[in-house]
Structures are given as structure tokens and as C-alpha cells.
Amino acid sequence: MLILGIETATEQVSVAIGGHEGVLGMFEVCRGRRHAETLTPAIQFVCAQADIDIAEIGLVAVDVGPGLFTGMRVGLAAAKALAQALRVPMIGMSSLDLLAFPLRFSDRTIAAVVDARKGELFYAFYKPVPGGVQRVLEPRCGTVDDLIGDIMARGDDTLCVGDGALRYRDEIRADLRCEFAEQFLSRPSAAPLVQLAHARALREDWVNPWEIQPLYLRLPDAQINWSTREQGRTDQTGPIER
Amino acid sequence: MTGSASAAPTGGAPRLLRPSGAPAGPVDEHTLVLGIETSCDETAAALVLGGYDVASSVVSTQVDLHAQYGGVVPEIASRAHLDVLNPVVARAIVEAGVPDRRIDAIACTIGPGLIGALLVGVSAAKSLALAWDVPFVGVHHHEAHLYAAFLEDPTLEFPLVVLLVSGGHTMLIEMQDHGRYRLLGRTIDDAAGEAFDKVARFLGLGYPGGPAIDREAARGNPEAIPFPRAMLHDGLDVSFSGLKTAVMNHVRKHPDVSSEDVAASFQAAVVDVLVQKSRRAAQQVGAKGLVLAGGVAANSLLREQFLDACEADGIHAFLPSREMCTDNAAMIAAAGWHRLRSDGPTPLDCGAFPNLRIPGLT
Ligand SMILES: [Zn+2]
């Protein structure tokens with residue numbers, strides 16, 4: 001079965017296609033035009049260069065976040081529509097799982113950290129296990145101090161990966177003796193997405209397109225402000241006018 | 001929008017591969033277009049045959065999600081679009097009773113609108129085009145509103161004057177031919193729908209403001225308060241910000257005033273200006289018809305006075321049904337059919353454009 005992987009949770013657009021032979025083709029770019037402009041031609045390009053007809057795709061895998069909302073929705077909308085049109089199932093996977101998986105041969109605890117902007121991070125912790133990684137701290141949204149606190153609380157030797165880890169490298173280093181993964185591993189990629197999805201597809205562990213749920217980990221600002229206001233405080237940012 | 005490629009400001013970036021999923025076949029009365037609309041707070045999909053025949057039209061509105069905030073919250077809108085778009089598209093296809101492989105092209109709003117909301121529709125639409133190997137065509141949301149009239153009255157003759165009034169825009173447009181427009185006048189400040197929302201919120205009538213004012217005004221006296229009609233005898237532009245301020249000042253000075261009378265007098269002032277300007281515009285260009293479009297076109301007083309004015313002037317009036325006034329995807333599919341015929345497919349590296357100008361507008 002051929003699997004198309006789509007990943008747009010960070011500034012990167014990543015598309016890969018593969019199956020039981022592993023990853024057969026891949027496109028990745030993290031600067032230039034924006035997600036929506038790049039993604040559709042990228043899918044077309046990868047399939048054409050790997051000599052695969054779109055109709056041969058048997059499953060669409062997608063990064064469901066956490067990540068930058070607008071970007072990750074571009075990938076989710078594109079992936080869900082593609083699966084719907086091709087009448088094939090889907091597998092959704094977290095951006096944090098995709099960051100951790102390529103580091104599975106490390107003997108350290110892996111902290112996968114995606115930059116959430118606005119001074120916040122999305123992160124989760126993993127332990128290497130035979131054949132992959134296992135989550136030991138569930139995905140959450142917090143500040144760099146929260147992250148440092150959570151790493152300290154575990155007390156493990158830690159390997160940090162992700163654009164969020166690189167952004168706050170100095171702050172993290174000031175408090176902890178952590179190692180940092182290479183820059184080219186700092187964004188989730190569609191290659192591990194296809195590889196991990198293939199293993200799950202063998203178990204038919206998939207869902208229908210309308211069952212794919214984005215992992216936002218953060219409410220819309222208006223909702224946060226609304227509940228704040230409900231508690232009697234004031235806020236500056238309201239909804240925009242129609 | 002390839003023909004008027006300047007309208008799709010994709011810059012000089014490289015165009016990869018073929019311009020779209022497939023070369024467009026002849027665009028004729030057999031061409032079945034799937035339209036998708038996600039520019040604001042309605043998620044919509046529709047199938048339209050030959051540019052005029054609506055085979056299905058499904059609209060899922062988010063109005064309840066935004067009501068407590070008194071306006072559309074972009075992030076909430078984008079999340080909701082992503083949640084419901086697949087089922088909305090599926091339902092439009094089922095209701096049309098056609099196999100999905102029968103669809104000849106995918107049309108989608110690419111602007112103007114909320115960027116995050118637009119991107120959900122555009123990304124999905126391009127995927128559908130890719131998967132089914134059919135052309136993708138980007139549509140301007142306001143041009144689609146102009147085409148809503150043709151779906152219900154294909155006999156409309158050019159030149160037409162269209163009064164496009166919605167929450168985001170208020171303009172008078174001369175439609176000289178398909179794809180050829182001239183901007184005759186527009187609001188210099190608030191859009192009419194925006195004025196309705198703000199006054200409704202001020203009067204505590206709730207959201208959305210248009211229907212709320214309409215209901216309240218029905219019980220009030222439209223002549224109770226002589227609110228100003230700004231720039232009434234002055235060109236074809238309109239202004240509503242002074243009127244909105246006058247309403248607020250009046251209510252502050254007369255706290256016991258009946259909100260029914262305020263709503264009725266405010267609505268009368270807005271409608272008065274819109275109708276007079278439309279009438280003058282139609283006379284100026286020798287229009288064969290005068291058309292209402294956009295969400296505010298559902299306002300009952302505006303519809304009534306618009307018809308009366310056209311009758312008095314002996315000019316053909318067209319009032320779309322309320323479903324066609326508000327955002328829907330049938331109008332997107334119709335406009336897409338015309339654009340596909342005149343300009344061909346839109347490249348698949350197309351994004352979304354929050355401030356897109358109407359192509360062919362002078
Ligand atoms: Zn509209």
C-alpha cells in the first residue's frame with residue numbers, strides 16, 4: 001500500500017510517499033512561499049518524480065499538530081480532502097512524535113519541543129524503546145520555564161529536539177546540561193510520518209477522513225479572553241468586527 | 001485567475017508542472033462545477049451545472065459559535081471550517097445525486113476574506129482537483145455575489161447595476177459584461193452590514209445585527225427620529241459612520257427612547273441612502289437592470305423600497321432569494337464556471353488573498 005505523508009505543522013512543508021519499501025520520495029522546504037502555495041505542487045511533484053499516479057495512493061497520513069495553527073490546518077484540510085476524494089483511510093500523528101522518532105537510538109530521554117510563538121512551547125517527552133520511542137510525558141503547552149521545570153522534575157539526561165528547543169537553547173542550557181539535536185532534525189518531517197504510518201497501516205489502525213482531529217493544545221485567544229473576562233478581569237483584544 | 005493574472009498576486013514565483021490537475025475541456029452547459037466557500041463564517045459547498053443550474057447547495061453556518069463575541073472570531077471560524085468542510089462537500093455531492101467522478105472542475109473562494117478561513121477551503125479545493133484530475137479555479141468572493149443573481153434569473157441583460165451590501169462591503173458596481181465591471185461608488189467608512197452590527201450591539205439587540213435590527217424596526221416608527229442621510233445628493237459614494245455616531249448620541253441624550261423607534265429610524269436612513277444612490281447609478285449608466293446582492297440584501301425594508309424605486313423608474317429589478325443573498329457556494333460555482341470559460345484554470349500554487357480586488361474591475 002502506498003502512503004502519502006503530509007506535514008505542515010511548523011514553518012516547513014514536508015511531503016513524502018512510501019510503502020513497504022520505505023520512503024520512495026520526499027519534498028521538504030522551510031522558507032520561501034507559504035504552506036498553501038507550496039503544498040499542492042509539492043504533492044504533485046513528489047508523485048510525478050516517483051512515478052506514482054495520485055490514484056495509486058492507498059492511505060493519507062498527516063501531522064495533526066501541535067504546531068502553528070494556520071499552517072497545520074493547510075496540511076489537514078489538504079490531506080482530508082485528498083483522502084475523501086480518493087476514498088482512502090487516514091492516519092493522524094503528532095508533530096512531537098515525528099520529532100522524537102528519528103532520535104530513537106539515543107540513550108537519553110528525548111524532549112520534543114515545537115515553537116508555539118507568543119512565548120509558549122508545545123512539548124512532550126519520550127524514552128527510546130526497541131523499534132521506536134515511547135511517550136513518557138503527554139503533549140502540553142507551556143513556557144520555557146515550564147519545560148525546564150518538567151525536565152528537572154524527571155532528572156534524566158535529556159536530548160532536546162525541535163525548533164522550540166533551538167529557539168530557547170540559551171535559556172535551557174543556562175539551567176540544565178542538555179544536548180540538542182541537529183538543526184536539520186528540528187522540524188517534523190513527512191519521512192518518519194510515512195514510516196510510522198506504514199507500521200500502523202499493517203495493523204489497519206486507521207480512521208476515516210472526518211475522524212481526524214487536530215491537536216491544538218491551546219484555545220483560540222478570543223475564548224481565553226472571554227473566560228478571563230467572565231472571571232471579572234479585562235482584556236485588550238476582542239473579536240474583529242464583521 | 002490566470003487571464004487577469006495580476007489579480008492573483010503570486011508574484012514571479014516558479015509555476016511547477018501543469019497549471020492545474022488537468023487541461024480544461026470545453027466549458028459549456030454540461031460542465032459540472034463544485035463550488036467551495038469558506039471566506040468568513042459559513043462553510044458551503046454546491047454543485048452547479050453549466051454555470052446556471054443549481055444541482056445542490058449546502059451551507060453550514062457558524063453564527064452561533066461567534067454570537068457571544070459579537071463578531072466573527074477568525075481562529076474559531078478557521079477551526080470550524082476544518083471540522084465541517086468534508087461532510088459539507090460530501091452532502092453537496094450526495095444531494096446532487098451524481099458520482100463524484102462526474103465533477104468537471106473545482107471552484108473555490110480565494111479572497112477577500114479571513115486568511116485562515118480562506119486557506120482551509122483553498123487547500124481542500126486544490127486537493128480535490130488534484131485527486132480527481134480536474135481544473136481548479138479561484139473565485140473572487142464579491143464577483144460570486146454578483147453572479148448569485150444569474151443563478152435565479154439567467155435572462156438578466158447588461159449593463160446591470162449591482163448594489164453589493166454585506167458585513168464587509170458596500171459598493172455600487174456596473175456589470176458591463178461577464179468579467180467586466182466598473183466601480184461606481186462605495187462606502188468611504190463602514191460597510192452597511194457593519195453599521196447594522198454596531199448599532200444592534202449598542203442597542204443590546206444581539207448578533208448578527210442585520211436580522212436583529214430588521215425585527216426590532218418592524219415594531220417601530222421609521223419617522224420618529226430624523227437621522228442624517230450623509231452625502232445623499234453628493235456622488236455615488238456612501239458613508240455610515242456619521243449615522244452610527246448620531247444613533248449613539250441620540251440614545252445617550254434620550255435614554256428612555258424606544259429602541260424600536262431607533263432601529264426603525266436608523267434602518268430607514270440606511271435604506272434611503274442605498275436606494276437613492278442605486279437609482280441614480282442606474283440612471284447614470286442607462287442600466288437595463290438593478291440587482292441587489294450580499295447579506296444586507298436580505299433586509300426587508302431594503303427589498304421593499306428597492307422594488308418600489310425600480311417600478312417607479314421603469315427598470316428591471318432583481319432581488320435574489322434570501323439564501324442567495326447570504327454566503328453560499330452555488331454562487332462560487334457559477335462565478336467559477338464563467339472564470340474557467342474566460343481565463344482557464346488557476347495554477348495549483350495559488351494561495352489565499354485577504355484583500356483581493358475584483359478582477360476586471362475598473
Ligand atoms: Zn459574502
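To find a chain, count down the sequence lines: A is the first, B the second, and so on, and within it residues start at 1.
Residue A:R34 touches chain B through its side chain alone, counting heavy-atom pairs closer than 4.5 Å. No part of B:L85 comes within reach of chain A, as not one of its non-hydrogen atoms sits under 4.5 angstrom from that chain. For B:V122, no part lies near chain A; criterion is any non-hydrogen pair under 4.5 Å. Heavy-atom distances place no part of A:I57 under 4.5 Å from chain B, backbone and side chain included. Using a 4.5 Å cut-off between heavy atoms, B:I115 contacts chain A through its side chain alone, with no backbone atom that close. Neither the backbone nor the side chain of A:L39 comes within contact range of chain B; no heavy atom of the residue lies under 4.5 Å from a heavy atom of that chain. There is no contact between B:A125 and chain A, counting heavy-atom distances below 4.5 Å.
The minimum heavy-atom distance between A:Q84 and B:N86, with the atom names listed, is NE2-O, 2.9 Å. Looking at every heavy atom in both residues, A:L82 comes nearest to B:S127 through CD1-O, 3.5 Å. The minimum heavy-atom distance linking B:D100 with A:R87 is given by the pair OD2-NH2, 2.9 Å. Between B:K126 and A:T40, the shortest heavy-atom contact is CE-OG1, 3.1 Å. A pairwise comparison of heavy atoms in B:A131 and A:I54 identifies CA-CG2, 4.0 Å as the closest pair.
Separating the CZ atom in B:R79 from the CD atom in A:Q223 is a distance of 7.0 Å, to the nearest 0.5 Å. Note that the CG atom of A:D53 and the CG atom of B:D133 stand 8.0 Å from one another [nearest 0.5 Å]. One finds the CG atom of B:L118 at 11.0 Å from the OG1 atom of A:T70 (value rounded to the nearest 0.5 Å). For the atom pair B:L128 CG and A:L86 CG, the distance stands at 9.5 Å (nearest 0.5 Å). From A:R73, atom CZ reaches atom CD of B:E75 across 4.0 Å, with rounding to the nearest 0.5 Å. In this structure, the separation between CD1 on A:I6 and OG on B:S123 is 10.0 Å, given to the nearest 0.5 Å.
Under a 3.5 Å cut-off, the side chain of A:W210 and the backbone N or O of B:P87 do not form any donor-acceptor pair.
Around atom CZ of A:R218, more than 12 heavy atoms belonging to other residues, nucleotides or ligands sit under 6.0 Å away. Crowding of A:R200 atom CZ: a count of heavy atoms from other residues, nucleotides or ligands under 6.0 Å exceeding 12.
Counting heavy-atom pairs closer than 4.5 Å to chain B, the top-ranked of the candidates A:G75, A:G32, A:G71, A:A77 is A:A77. The candidate from A:P214, A:A83, A:A81 with the greatest count of non-hydrogen atom pairs under 4.5 Å with chain B is A:A81.
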